[in-house]
Protein chains: 2
Amino acid sequence: MSLPYAILTALLEKPSSGLELTRRFDKSIGYFWSATHQQIYRELGKLEESGAIRALPGPRQPTRGQKKEYEVLPAGRNELAAWVAKIEDPKPIRDALLLRLRAAGVVGTQGLEAEVRRHLTLHRAQLAEYRAIEERDFGNGRDSEGDRLRHLVLRAGIDLENFWVGWLEAARAELADMGPGVSTGPDTGTDARTGPESTA
Amino acid sequence: MSLPYAILTALLEKPSSGLELTRRFDKSIGYFWSATHQQIYRELGKLEESGAIRALPGPRQPTRGQKKEYEVLPAGRNELAAWVAKIEDPKPIRDALLLRLRAAGVVGTQGLEAEVRRHLTLHRAQLAEYRAIEERDFGNGRDSEGDRLRHLVLRAGIDLENFWVGWLEAARAELADMGPGVSTGPDTGTDARTGPESTA
DNA sequence: ATTCTTTATGCAACTTGTTGCACAACGGTG
DNA sequence: CACCGTTGTGCAACAAGTTGCATAAAGAAT
């Protein structure tokens, strides 16, 4: 899995506590690998046990409610470097909206256009957000190697959202063209019913 | 979750057995919502129990090793139609390669370019496959509403792969430009080691 | 001083998805 | 007919991700 490596990366960028990581996952890294605080705490525990990271000193004992910062150990850094070079196939997308379009081909498009419009709005907003980040963080030239890589990742986000916006616009146009009048209405089932046991 | 709806859609397109569904999921629907036979059998069981689908007649009793076909009941069709219109936010992408790029910004790009090239090949192949399907299934005009929707979904696949190919080409160029010589080598850990307990 | 909110860590239970294997029927082949 | 590969269904155990809640410390409010 990728979560532990996401955490190692984040910790190398800056040693942090679980909650700080959670917050940072809501931005940057979380844009393409989200995680809840639960996952993060659990993973931090495992990483510490395996010797990939360690808690920074400070007066510890009752770990509850007390802030606990972690840093990456050499072993963890090596694992991360190994993972970067590892052969791992891309996983096919998993998108519910595409599935819904497909389903609409069978049960009708009732209510779909509104959803498509809503998604369009959300993706446009995300695109704008990414563009703002790009302007803010990569506006000038002068980028270090790390910066160039981060910029590349950001551009993937931008291009992806661009794809969505373009495709959703086409989808909306197509749906508008067809109108809601479609095959086999979605609510006619109470009367035309065929009982599950009627023929079995 | 979306799996049950994917199954309902597939079953509405054509009543099938678990194994047939599994095979069909390796094509078409599985391109954007994959599932193993295990998931499918489990879900079929739940759907049957909830009255969304039922097994077609035929001489049953010892269900083991015996083919068992399912069809969708009105209740299942209604659930599917309701799901199509449901408000459901798009989930952020989850892509390990982007994560690896990001990690490379911290531990070095060693071995990454090869992976990027490999992914490029895979995505080009997928793109070609989609294009072939498009030509085969949607070459002429004359499409029914269902066809138009399926075509839309396919175009999403095509555009997505197109995005990947373009972005991966840019990434490869950028990586080639930087070369493998990067910050803090990935293997230096056996000597420069800081023991986990040395300061705690 | 007590209460309330915020920061912070974590357990438990559940859902989804994956992997490995067992078992049953069916059809051919020696 | 005994054996074997294919088709087909399914259990069990695990891994990953989600949700809800408990707990503890610290600071601010009354």
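The basis for the numbers below is simple: all heavy atoms, side chains too, and nothing from hydrogens, waters or symmetry mates. Residue numbers start from 1 in every chain, and the chains themselves are labelled A, B, ... in the order their sequence lines are given, proteins ahead of strands.
Phosphate contact (OP1/OP2 of C:dG10, side-chain N/O of A:Y41, threshold under 4.0 Å): absent.
Of all non-hydrogen atoms in A:G76 and A:L8, the two that sit nearest each other are O-CD1, 3.6 Å. Considering every non-hydrogen atom in both A:V107 and B:A81, the closest pair reads CG2-CA, 3.8 Å. Considering every non-hydrogen atom in both B:L149 and A:A104, the closest pair reads CD1-C, 3.7 Å. The two residues B:Q39 and B:S34 make their nearest non-hydrogen contact at OE1-O, 4.4 Å.
Atom-to-atom, CG of B:L44 to P of D:dT9 comes out at 9 Å; the value is rounded to the nearest Å. Separating the NZ atom of B:K68 from the C1' atom of C:dA24 is a distance of 14 Å, rounded to the nearest angstrom.
A donor-acceptor distance shorter than 3.5 angstrom exists from the side chain of B:T9 to the backbone of B:Y5, with no hydrogens or angles considered.
Pairs passing the salt bridge (charged side-chain N to carboxylate O under 4.0 Å, His left out) check and including a residue from residues 97-115 of chain B, sequence neighbours excluded, read A:E13-B:R102, B:R100-B:E115, B:E113-B:R117, B:E115-B:R118.
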Quick one: what's the B/S/- string for nucleotides 13-20 of chain D, heavy-atom cutoff under 4.0 Å, read 5' to 3'? B--SBBBB
Determine, stepwise, if the pair A:E161 / A:R124 fulfils salt bridge (charged side-chain N to carboxylate O under 4.0 Å, His left out). CA-CA 7 Å; A:E161 293 302 332; A:R124 279 206 249 256; over 6 Å; no
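The stretch residues 17-25 of chain A comes close to DNA chain C through A:S17, A:G18, A:L19, A:R23, each having a heavy atom under 4.0 Å from the strand.
For the residue pair B:Y130 / B:E135, no side-chain donor-acceptor distance below 3.5 Å is found, with atom types taken as modelled.
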